[in-house]
Amino acid sequence: MTKTITEKIFSRKCGCDVSAGDMMVVPVDAAMVHDITGPLAVEMFYRMKGEKVFDPEKIIMLFDHQVPADSITAAENHIMMRKFAKEQGIHNYDIKEGICHQVALETGKIMPGDIVVGVDSHTCTYGAVGAFSTGIGSTDMGFVLRFGSLYFRIPESIRVEAEGRFASRVGPKDLIMKTIGDVGADGATYRAAEFMGGAFEDMEIPGRMTCCNMAIEMGGKAGIVPPDEKTKAWLSQWGDVNAGDFDLKPDEGAAYAGKVEYDVGDLVPQVAVPHNVDNVVDVDEVEGTRLDQVFIGSCTNGRYEDFVEAAEVLGDRKFSDDVRVIAIPASKTEYLKCLRGGIIEKFVEAGALFEAPCCGPCMGGAFGLIGVEEVSLSTSNRNFRGRQGSTKGEVYLCSPATAAASAITGVITDPREV
Amino acid sequence: MKIWKFGDDIDTDAIIPGRFLTIYDPKELASHAFEGTRDEFSKDASAGDVIVGGRNFGCGSSREHAPIALKGAGIEMVIAKSFARIFYRNCINTGFLPVVCPEADKISEEDIITPHLDEGYLDVSGKKYITEPVPEFLSKIVEAGGLVEYARSMDEVETCIK
């Protein structure tokens with residue numbers, strides 16, 4: 001029987017013929033917990049009569065949403081998680097390493113063909129290296145911590161095919177936002193998005209992370225790019241690539257539940273307009289929108305390559321005095337690359353706040369919140385009402401290039417025109 | 001019983017904003033439910049109330065705080081045209097039945113809902129609206145009262161069996 005990448009991953013893991021629609025309990029290769037949803041997962045683990053976790057080596061624990069602790073309750077949650085890690089022999093990356101999804105991939109514990117879960121909806125990011133990875137709730141994670149497995153409904157897949165070469169200052173973020181706009185916020189619900197074609201083959205791993213990260217914004221259970229030599233080279237920095245299944249690709253004639261096709265050469269910069277991620281327009285439709293804050297960072301666009309893209313647009317100019325520019329790399333590794341590459345100096349001299357790796361304003365939980373009637377332009381993944389602070393504020397989403405161009409002018413600006 | 005009607009794409013940030021995620025107590029979470037988007041909810045919602053949503057209810061973040069906040073507010077049932085995947089699982093896991101009703105958008109806050117879920121429908125002010133059955137595998141978790149209760153009876157899990 002012909003299979004999608006998703007069906008192949010589950011079939012190989014289970015040693016039997018698995019197809020979309022099957023419901024089964026499947027062991028996981030890694031599980032990620034962070035400071036927001038982790039404490040409840042630990043409580044559920046104990047309520048399920050858990051004593052020792054299934055395998056401390058397979059658990060990736062860190063704190064990223066509220067770091068350094070921004071309240072006493074956050075500090076107490078961190079204390080509780082540290083104690084749990086120590087008792088269970090789990091390595092805790094604590095507040096030092098950065099955002100869960102970037103750090104998880106940098107552990108080298110996630111390889112192509114793996115099945116990975118995390119208590120965060122953007123866990124779908126790990127499809128960038130050919131893993132099937134999906135976000136789950138805290139009770140699900142309590143079950144995983146205890147048993148090392150979880151129930152899954154094997155999803156149908158949709159095929160996102162992109163060919164061609166991006167024009168200057170247009171990139172993976174524009175492609176995935178365009179896709180979400182077309183597919184809709186629930187168009188891929190209970191489905192995996194499998195990203196294929198020349199544009200994805202040419203795309204480096206950071207761009208693939210951006211695309212897979214936002215699969216959830218069209219309801220997707222996972223986003224996956226077939227692994228290749230680029231994947232192998234990137235992962236070999238972090239772990240033993242012999243453990244990965246680099247041959248994963250869909251069978252000829254595999255059944256897909258839907259298909260969208262793009263020539264990325266035709267693509268122009270995209271912006272997601274408040275208050276839904278699928279409310280996507282070409283940048284010219286919102287050009288001139290007044291901004292109060294610009295955020296460059298997050299698990300979607302907080303990598304060195306994203307800051308280079310923004311810095312290239314910035315050139316020798318300064319950011320507008322009318323906007324607050326907050327830049328936050330996704331991990332310590334990315335932070336150090338920015339430091340050594342001169343990005344931090346450039347951004348700080350241009351007027352940005354360059355913060356240590358964490359989720360920052362993305363979730364509206366820690367710092368960098370917006371107030372009543374303020375407008376934020378952000379390279380992150382969600383523009384829901386109130387997502388970055390006041391429910392009377394507005395959040396627009398864009399690429400690092402568009403964010404940098406707009407931070408220079410103080411209004412939403414086409415990065416090809418600055 | 002009061003019906004709280006919502007539209008499409010109600011996200012979990014709206015149900016419980018990110019700044020309250022250090023809280024785990026259901027009642028305290030309930031006091032911030034829909035804060036800033038529907039402030040009267042936390043004041044007026046009471047035991048036995050029902051939420052009716054449109055498409056893609058509970059989209060966005062995986063925060064289990066969302067169904068916990070709704071339970072804490074006394075919400076008995078969430079009915080929607082469709083649910084986002086993680087929210088749907090979180091409801092099942094926390095013993096809170098999400099009801100898929102393709103005609104949910106026709107329900108108004110003035111209606112009276114009498115559920116007949118075993119028979120697969122809602123009586124909505126005398127009209128019969130079909131509900132979709134919970135997948136068989138999940139009904140075991142629902143019957144147990146949630147994933148915690150389901151898991152407590154197990155010492156190990158058999159995997160990879162269709």
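By convention in this document, chain letters (A, B, ...) are assigned in the order of the sequence lines, proteins followed by strands, and residues within each chain are numbered from 1. Worth knowing before you read on, the calculation uses all heavy atoms, side chains too, and leaves out hydrogens, waters and symmetry mates.
For B:E136, no part lies under 4.5 angstrom from a heavy atom of chain A. Neither the backbone nor the side chain of A:I154 comes within contact range of chain B, judged by heavy atoms closer than 4.5 Å. Looking at A:Q388, neither its backbone nor its side chain comes within 4.5 Å of chain B, counting heavy atoms on both sides. With a threshold of 4.5 angstrom between heavy atoms, B:T12 does not approach chain A through any atom at all. B:I23 does not touch chain A: none of its heavy atoms, backbone or side chain, sits under 4.5 Å away. Interface remark: B:S61 contributes backbone and side-chain atoms alike to the contact with chain A (heavy atom separation under 4.5 Å). Within the 4.5 angstrom heavy-atom criterion, no atom of B:E149 approaches chain A. When heavy atoms are compared at a cutoff of 4.5 Å, A:L40 approaches chain B by way of both its backbone and its side chain. Of the two parts of B:I92, only the side chain, counted from C-beta on, holds a non-hydrogen atom closer than 4.5 Å to a non-hydrogen atom of chain A.
Atoms SG and NZ, on B:C160 and A:K13 in that order, are 8.5 Å from each other to the nearest 0.5 Å. In this structure, OG1 in B:T37 is found 12.5 Å from CZ in A:F384, a value given to the nearest 0.5 Å. Within the model, atoms CG of A:D35 and OG1 of B:T22 stand 10.0 Å from one another, a figure rounded to the nearest 0.5 Å.
Counting heavy-atom neighbours within 6.0 Å of B:I112 CD1, excluding the residue itself, gives a total of 12 or less. At most 12 heavy atoms of other shown residues, nucleotides or ligands fall within 6.0 angstrom of atom NZ in A:K392. In this structure, A:E51 places its CD atom where only 12 or fewer heavy-atom neighbours from other residues, nucleotides or ligands lie under 6.0 Å away. Around atom CD of B:E40, more than 12 heavy atoms belonging to other residues, nucleotides or ligands sit under 6.0 Å away. In the displayed structure, A:E43 atom CD is contacted under 6.0 Å by more than 12 heavy atoms of other residues, nucleotides or ligands.
Ranked by heavy-atom pairs under 4.5 Å with chain B, the first of A:S138, A:G364, A:G15 is A:S138. Top candidate by heavy-atom pairs under 4.5 Å with chain B, chosen from A:R387, A:H275, A:K221, is A:K221. Ranked by heavy-atom pairs shorter than 4.5 Å toward chain B, the options A:P39, A:C16, A:G219 are led by A:P39. Comparing B:N90, B:D11, B:T94 by heavy-atom pairs within less than 4.5 Å of chain A, the highest count is held by B:D11. Listed options B:D155, B:I68, B:T159 were ranked by heavy-atom pairs under 4.5 angstrom with chain A; first place goes to B:T159.
Within the 4.5 Å cutoff, the side chain of B:M154 has heavy atoms near those of the A:F147 side chain. Put simply, the side chain of B:S82 reaches to within 4.5 Å of the side chain of A:D186, judged on heavy atoms. Side-chain contact between A:T189 and B:N56: present, with at least one pair of heavy atoms (C-beta onward) separated by less than 4.5 Å. Side-chain contact between B:N93 and A:F143 is absent, with no heavy-atom pair separated by less than 4.5 Å.
Minimum interatomic distance between B:R63 and A:M363 (heavy atoms only, all atoms of both residues): NH2-CG, 3.7 Å. The two residues A:M48 and B:R152 make their nearest non-hydrogen contact at CA-CG, 3.9 Å. When all heavy atoms of B:R89 and A:D140 are compared, the pair lying nearest together is NE-OD2, 2.9 Å. Shortest non-hydrogen contact noted between A:S121 and B:S62 is N-OG, 3.5 Å. Residues B:I141 and A:Y151 share a closest heavy-atom pair of CD1-CE2, 3.5 Å. Across every non-hydrogen atom of B:I86 and A:G137, the tightest pair is CG2-N, 4.1 Å.
Residues B:D13 and A:R382 are not paired through a salt bridge, judged by the lack of any N-O separation under 4.0 Å between the basic side chain and the carboxylate.
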Please determine whether side-chain contact (heavy atoms from CB on, under 4.5 Å) holds for the pair A:V25 and B:E158, giving the CA-CA distance in whole Å, both sets of side-chain angles, and the decisive distance to 0.1 Å. CA-CA 7 Å; A:V25 178; B:E158 281 191 295; over 6 Å; no
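Between A:Y190 and B:Y88, the ring planes lie perpendicular to each other; the angle is over 60°, past the 30° to 60° tilted range.
Residues B:R19 and A:S71 have side chains that never bring a donor and an acceptor to within less than 3.5 angstrom of each other. A side-chain N or O of A:T139 and one of B:E64 form a donor-acceptor pair less than 3.5 Å apart.
When each of A:I36, A:T73, A:N77 is paired with B:L21, the side chain to side chain contact (heavy atoms under 4.5 Å, CB included) condition holds for A:I36 and for no other.
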